[in-house]
Amino acid sequence: SQQGEEDPQALSIQEGENATMNCSYKTSINNLQWYRQNSGRGLVHLILIRSNEREKHSGRLRVTLDTSKKSSSLLITASRAADTASYFCATGVYYGGSQGNLIFGKGTKLSVKP
Amino acid sequence: KAGVTQTPRYLIKTRGQQVTLSCSPISGHRSVSWYQQTPGQGLQFLFEYFSETQRNKGNFPGRFSGRQFSNSRSEMNVSTLELGDSALYLCASSRGLAMDEQFFGPGTRLTVL
């Protein structure tokens, strides 16, 4: 079942602009992660933010997490054509013991035009 | 360190057949998870194996099964293939839990005719 819902579904911007993607989820989480996928290939992990964190940075990426609103946002600054890809948020849900898994949203397709 | 590898990369099967996909995790990773990705349903969790035991399972029919070997390599099997099983099957490995950072393989593209 889908938990994360990304918004927008598609985003088209010019090189150099910032791109913001949002993710909303429904249940309690242990962490929230963002992944990138190029043209139906494997996913690449971008960043993980834990439920007790509010903001995290990694290079040109900035992620925020608001657990009261059950939402997160991913900001990519100074976008490049190479950032063109689909971006997925994934919520890390813990069921107890050693059980837990990631639940992915349907993704945002980002197109960065040169 | 070598990444996660999956074989084969592409498969074409017909309805009713069965298929076995293979995944080799990153060295030292003991958790292997499998996901199905389709345009309609997105990325869905199939199951996770850790130390040769299935630790967690998604909501898929019993036609989907898997196993893990002592070297952490994993296989998934789909029996009695249906047209709707056409998808990209992704394998991911991690050091600990399936909700930790996952390292994905390139996927196996399965087409059922």
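Within every chain, numbering begins at 1; the chains are lettered A, B, ... in the order of the sequence lines, protein sequences first and strands thereafter.
- A donor-acceptor pair under 3.5 Å is absent between the side-chain atoms of A:Asn101 and the main chain of B:Glu48, judged by distance alone.
- B:Leu43 places none of its side-chain heavy atoms less than 4.5 Å from the side chain of A:Tyr35.
- Other residues, nucleotides and ligands contribute at most 12 non-hydrogen atoms within 6.0 Å of the NZ atom of A:Lys109.
- Side-chain atoms of B:Asn56 come within 3.5 Å of backbone N or O of A:Gly100 as a donor-acceptor pair.
- Checking side-chain atoms of A:Lys106 against main-chain N and O of B:Gly40 turns up a donor-acceptor pair under 3.5 Å.
- A single hydrophobic cluster is seen to contain both B:Phe60 and B:Trp34, as judged by linkage of ILVMFWY side chains at heavy-atom distances under 4.5 Å, directly or through other members.
- Looking at A:Leu48, only its side chain comes within 4.5 Å of chain B, counting heavy atoms on both sides.
- Annotation for B:Leu88 and A:Gln37: closest pair CD2-NE2, 3.9 Å, computed over non-hydrogen atoms.
- With a threshold of 4.5 angstrom between heavy atoms, B:Arg9 does not approach chain A through any atom at all.
- There is no side-chain donor-acceptor pair under 3.5 Å between B:Gln102 and A:Gln33.
- With a 6.0 Å radius and a threshold of 12 heavy atoms from other residues, nucleotides or ligands, B:Arg73 has its CZ atom above the threshold.
- B:Leu90 and B:Val112 fall into different hydrophobic clusters, where Ile, Leu, Val, Met, Phe, Trp and Tyr side chains are chained together by heavy-atom contacts under 4.5 Å.
- Side-chain contact between B:Met99 and A:Tyr94 is present, with heavy atoms from C-beta onward closer than 4.5 Å.
- Cluster annotation: B:Leu21 and B:Val32 are assigned to the same hydrophobic cluster (Ile/Leu/Val/Met/Phe/Trp/Tyr, side-chain heavy-atom contacts under 4.5 Å, transitive).
- Counting heavy-atom pairs under 4.5 Å between each of A:Leu43, A:Val44, A:Asn30 and chain B puts A:Leu43 at the top.
- The local environment of CZ in B:Arg63 is crowded, with over 12 non-hydrogen atoms from other residues, nucleotides or ligands closer than 6.0 Å.
- Taking the centre of each ring, B:Phe45 and A:Phe104 stay at or above the 6.0 Å mark.
- Heavy atoms of B:Gln37 lying under 4.5 Å from chain A belong exclusively to its side chain.
- The part of A:Phe88 that comes within reach of chain B is its side chain, from C-beta onward, which places non-hydrogen atoms under 4.5 angstrom from that chain.
- Within 6.0 Å of CZ on A:Arg80 lie no more than 12 heavy atoms contributed by other residues, nucleotides or ligands.
- Using a 4.5 Å cut-off between heavy atoms, B:Phe103 does not touch chain A at all.
- Annotation for A:Gln9: atom CD does not count as buried by contact number, only 12 or fewer foreign heavy atoms lying within 6.0 Å.
- The hydrophobic cluster containing A:Leu46 also contains A:Ile76, counting ILVMFWY residues as joined when their side-chain heavy atoms lie under 4.5 angstrom apart, directly or transitively.
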